[in-house]
Amino acid sequence: MDLEFSPEDLAFREEARAFIAENYPSALRGKQEEGEELAKEDFLSWHRVLAKKGWIAPAWPKEYGGPGWTTTQRFIWSEELARADTLPILPFGINMVGPVIYTFGTPEQKARFLPRILSGEDWWCQGYSEPGAGSDLASLRTRAVRDGDHYIVNGQKTWTTLAQHADWGFFLVRTDPDSKPQEGISFLLIDMKSPGVTVRPIITLGGEHEVNEVWLEDVRVPVDQRIYEENKGWTCAKFLLAHERTGIAGVARSKRGVERIKTIARSEMDGDRPLIANPFFKRKIAELEIDLTALEYTELRTLASEASGRGPGPESSLLKIKGTEIQQRLTELALEAVGHYGAPYFRGFGEGDNEHPIGPDYAHRAAPTYFNGRKTSIYGGSNEIQRNIIAKMVLGL
């Protein structure tokens with residue numbers, strides 16, 4: 001594996017860095033620094049900037065609207081986004097359902113959905129998990145019964161991220177209740193404004209309205225909104241999850257997180273010296289950086305595999321496990337670094353409020369970020385399930 005960047009790659013890095021500096025919405029920067037809750041329009045404003053440039057879907061083939069970047073350029077781009085601390089592009093349309101549609105969809109489906117995913121006109125959510133089918137996703141019970149040119153869908157999904165804003169959702173539904181668990185499942189695209197779709201909020205430990213439960217009651221879904229063959233949706237589901245798990249690793253943003261913790265530790269005092277001088281705290285940072293470097297090389301090997309024409313395989317499970325564990329350790333260290341300032345926290349201040357946060361600015365989000373981060377080892381397939389996949393697919397156990 002060649003770890004040296006070519007002159008062309010270095011030139012691309014400079015181009016990417018300059019573009020972000022000149023075009024990232026200044027209003028977003030202010031909101032992020034103040035820890036304000038972000039609205040739908042905030043996410044879309046950065047999305048539209050990248051869409052206009054043609055850089056919104058780095059991994060998409062050029063024929064479907066991608067920029068035609070190499071895997072190295074995609075890696076550089078992710079690093080530059082993290083370096084600038086930009087708002088992440090939501091993955092549900094770009095990184096998840098988009099690749100499923102251009103891989104398994106019909107020409108008509110590609111023409112209908114892909115341009116609107118790229119432009120940001122359609123906001124997507126993911127309807128996989130159910131109250132009784134999370135880690136064991138194949139046991140899902142949401143039913144879709146064929147009725148002429150439509151399916152009638154009934155069931156419940158949970159932990160549906162940002163469904164309150166979604167225009168469309170991609171759902172796994174059972175179309176053959178008598179088959180084996182992984183069979184008899186279909187992959188449907190559902191208009192979230194359809195009669196019978198109800199979205200109810202779930203407030204997280206961090207106090208955010210980020211996830212929801214979605215109820216589907218006699219929802220009529222045209223058959224031409226099914227991706228791939230009936231009862232073959234598990235193929236699409238596995239393909240999507242492999243891409244999702246690779247993206248969850250978040251190496252570039254974790255590297256940025258380490259630098260942020262170092263900055264905090266230089267400011268916070270441990271007796272008469274900065275916390276960064278405490279040998280026990282320094283060791284925790286060093287161990288985290290070592291693990292993060294190992295994860296980065298694993299990600300680079302995965303990218304090299306993709307560059308040779310192979311898609312994400314079982315190694316995506318390893319990336320998911322270590323990536324999310326590192327993310328959780330980052331939130332733990334941040335909370336430890338801010339000390340007692342992390343105990344009281346606020347979700348932000350509305351107009352007319354006369355109270356102010358306690359402690360330095362960097363302490364305000366430490367606790368809610370820590371609480372929110374407990375989910376990372378669960379979503380995208382729990383880390384316990386990922387270990388089972390590695391044991392079977394990699395170790396042959």
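A quick note: this is a predicted structure, and the numbers were derived from the prediction, not measured.
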Item checked: Shortest non-hydrogen contact between Arg273 and Pro279, atoms and distance -> NH2-CD, 3.7 Å
Note to self: As an exercise, state the distance from CZ of Arg301 to CG of Leu319, rounded to the nearest 0.5 Å.
What the structure shows: 9.0 Å
Notebook entry, point to check: Looking at CG of Leu87 and OG of Ser45, how far apart are the two atoms once the value is rounded to the nearest 0.5 Å?
Noted result: 7.5 Å
Next item on the list: Flag the pair Arg48 and Glu41 as a salt bridge only when some basic side-chain nitrogen lies within less than 4.0 angstrom of an acidic carboxylate oxygen.
Entry: yes
Notebook entry, point to check: So, Glu217 side chain and Val197 main chain: donor-acceptor pair closer than 3.5 Å or not?
Noted result: no
Check: So does Glu208 pair up with Arg365, basic N to acidic O under 4.0 Å?
Finding: yes
Note to self: Are the side chains of Pro88 and Arg253 in contact, using a 4.5 Å heavy-atom criterion?
What the structure shows: yes
Note to self: Could you check whether Arg146 pairs with Glu230 (Lys NZ or Arg NE/NH1/NH2 to Asp/Glu carboxylate O, under 4.0 Å)?
What the structure shows: yes
Check: Does the side chain of Gln225 reach to within under 4.5 Å of the side chain of Leu188, using non-hydrogen atoms?
Finding: no
Item checked: Heavy-atom closest pair, residues His150 and Pro222 -> CD2-N, 3.6 Å
Item checked: Hydrophobic cluster identity match, Ile117 and Phe239, side-chain contacts under 4.5 Å -> yes
Item checked: Asn23 side, atom CG; Thr86 side, atom OG1 - distance, nearest 0.5 Å -> 12.5 Å
Notebook entry, point to check: Would you say Leu189 and Gln109 make side-chain contact, with heavy atoms under 4.5 Å?
Noted result: no
Check: Honestly curious: do Val221 and Trp215 fall in one hydrophobic cluster under the side-chain, below-4.5 Å linking rule?
Finding: no
Checklist line | Chi angles and distances behind the salt bridge (charged side-chain N to carboxylate O under 4.0 Å, His left out) call for Lys262, Glu289 | finding: CA-CA 11 Å; Lys262 288 180 179 179; Glu289 287 187 298; 2.9 Å; yes
Item checked: Aromatic ring proximity Tyr362/Tyr341, centre distance under 6.0 Å -> no
Margin query: If I take atom CG from residue Leu288 and atom CD1 from residue Ile326, how far apart are they, to the nearest 0.5 angstrom?
Written below: 6.0 Å
Checklist line | Beyond-backbone contact of Trp124 with Asp122, side-chain heavy atoms, under 4.5 angstrom | finding: yes
Using distance only, find each side-chain donor-acceptor pair of residues 76-84 under 3.5 Å and give its atom names and separation, not counting sequence neighbours.
unit_1: Ser78; atom_1: OG; unit_2: Phe75; atom_2: O; d: 2.7
unit_1: Glu79; atom_1: OE1; unit_2: Arg13; atom_2: NH2; d: 3.2
unit_1: Glu79; atom_1: OE2; unit_2: Lys255; atom_2: NZ; d: 2.8
unit_1: Glu80; atom_1: OE1; unit_2: Arg17; atom_2: NE; d: 2.8
unit_1: Glu80; atom_1: OE2; unit_2: Arg13; atom_2: NH1; d: 2.8
unit_1: Glu80; atom_1: OE2; unit_2: Arg17; atom_2: NH2; d: 3.0

Note to self: Donor-acceptor pair, distance only, cut-off 3.5 Å: does the side chain of His47 make one with the backbone of Leu118?
What the structure shows: yes
Notebook entry, point to check: Which heavy-atom pair separates Tyr128 from Ala237 by the least distance, and what is that distance?
Noted result: OH-CA, 3.3 Å
Item checked: Between Ser26 and Arg29, a side-chain donor and acceptor under 3.5 Å -> no
Notebook entry, point to check: Given Asp85 and Arg256, is the side chain to side chain contact (heavy atoms under 4.5 Å, CB included) satisfied, shown in steps?
Noted result: CA-CA 8 Å; Asp85 201 21; Arg256 180 76 178 90; 4.2 Å; yes
Next item on the list: Would you please say whether a donor-acceptor pair under 3.5 Å links the side chains of Gln73 and Asp9?
Entry: no
Next item on the list: Treat each ILVMFWY residue as a node, draw an edge where side-chain heavy atoms are under 4.5 Å apart, and state whether Ile321 and Val394 are in one component.
Entry: yes
Margin query: With a 6.0 Å cut-off (strictly less than), is the heavy-atom count around NZ of Lys62, excluding the residue itself, greater than 12?
Written below: no
Checklist line | Leu90 reachable from Leu38 in the ILVMFWY side-chain graph, under 4.5 Å edges | finding: yes
Next item on the list: Answer yes if the side chains of Ser377 and Gln328 hold a donor-acceptor pair under 3.5 Å, and no otherwise.
Entry: yes
Notebook entry, point to check: So does Glu210 pair up with Lys375, basic N to acidic O under 4.0 Å?
Noted result: yes
Notebook entry, point to check: Step by step, would you call Phe187 with Leu240 a side chain to side chain contact (heavy atoms under 4.5 Å, CB included)?
Noted result: CA-CA 11 Å; Phe187 192 101; Leu240 184 148; 4.2 Å; yes
Item checked: Shortest non-hydrogen contact between Gly359 and His364, atoms and distance -> O-NE2, 3.5 Å
Check: Are a donor atom and an acceptor atom from the side chains of Ser179 and Asn231 found within less than 3.5 Å of each other?
Finding: no
Notebook entry, point to check: Are any of the side-chain heavy atoms of Thr198 and Val214 separated by less than 4.5 Å?
Noted result: no
Distance-only donor-acceptor hits, side chain of residues 160-172, under 3.5 Å, sequence neighbours excluded:
unit_1: Gln164; atom_1: OE1; unit_2: Asn212; atom_2: ND2; d: 2.8
unit_1: Gln164; atom_1: NE2; unit_2: His209; atom_2: O; d: 3.0
unit_1: Asp167; atom_1: OD2; unit_2: Trp123; atom_2: N; d: 2.8

Checklist line | Salt bridge Arg374-Glu332, side-chain N to carboxylate O under 4.0 Å | finding: yes
Note to self: Quick check: do Tyr151 and Val219 have side-chain heavy atoms less than 4.5 Å from each other?
What the structure shows: no
Note to self: If I compare all heavy atoms of Phe104 with all of Ile227, which pair ends up nearest, and what's the gap?
What the structure shows: CB-CG2, 3.8 Å
Margin query: Between Glu325 and Arg387, does any NZ, NE, NH1 or NH2 come within less than 4.0 Å of an OD or OE carboxylate oxygen?
Written below: yes
Check: side chain to side chain contact (heavy atoms under 4.5 Å, CB included) between Asp224 and Arg112: does it pass, once the steps are laid out?
Finding: CA-CA 11 Å; Asp224 64 11; Arg112 178 182 180 186; 4.3 Å; yes
Note to self: If I take atom CD from residue Gln156 and atom CD from residue Glu213, how far apart are they, to the nearest 0.5 angstrom?
What the structure shows: 5.0 Å
Check: What pairs with Thr142 under side-chain contact (heavy atoms from CB on, under 4.5 Å), at least two apart in sequence or on another chain?
Finding: Glu130, Val153, Lys157, Val173, Leu216
Margin query: Lys53 vs Leu50, test: side chain to side chain contact (heavy atoms under 4.5 Å, CB included). Steps then yes/no.
Written below: CA-CA 5 Å; Lys53 178 69 172 177; Leu50 294 175; 5.5 Å; no
Note to self: Can you give me the closest heavy-atom contact between Ser186 and Thr175, atom names plus distance?
What the structure shows: OG-OG1, 2.7 Å
Next item on the list: Find out whether Glu268 and Pro360 are in side-chain contact, i.e. whether some heavy atom of one side chain is under 4.5 Å from a heavy atom of the other.
Entry: yes
Check: So does Met393 have more than 12 non-hydrogen atoms from other groups sitting under 6.0 Å from CE?
Finding: no
Notebook entry, point to check: Can you check salt bridge (charged side-chain N to carboxylate O under 4.0 Å, His left out) on Glu287 and Arg329, steps first, answer last?
Noted result: CA-CA 10 Å; Glu287 289 174 341; Arg329 286 162 62 190; 5.1 Å; no
Notebook entry, point to check: Can you tell me how far CH2 of Trp46 sits from CG of Asp42, rounded to the nearest 0.5 angstrom?
Noted result: 14.0 Å
Margin query: Checking the side chain of Ser194 only, and the main-chain atoms of Asp191 only, is there a donor and an acceptor separated by less than 3.5 Å?
Written below: yes
Next item on the list: Answer whether the closest heavy-atom distance between the side chains of Asn388 and Lys392 falls below 4.5 Å.
Entry: no
Item checked: Main-chain N/O of Val100 paired to Thr103 side chain as donor or acceptor, under 3.5 Å -> no
Item checked: Path from Val97 to Leu44 over hydrophobic side-chain contacts below 4.5 Å -> yes
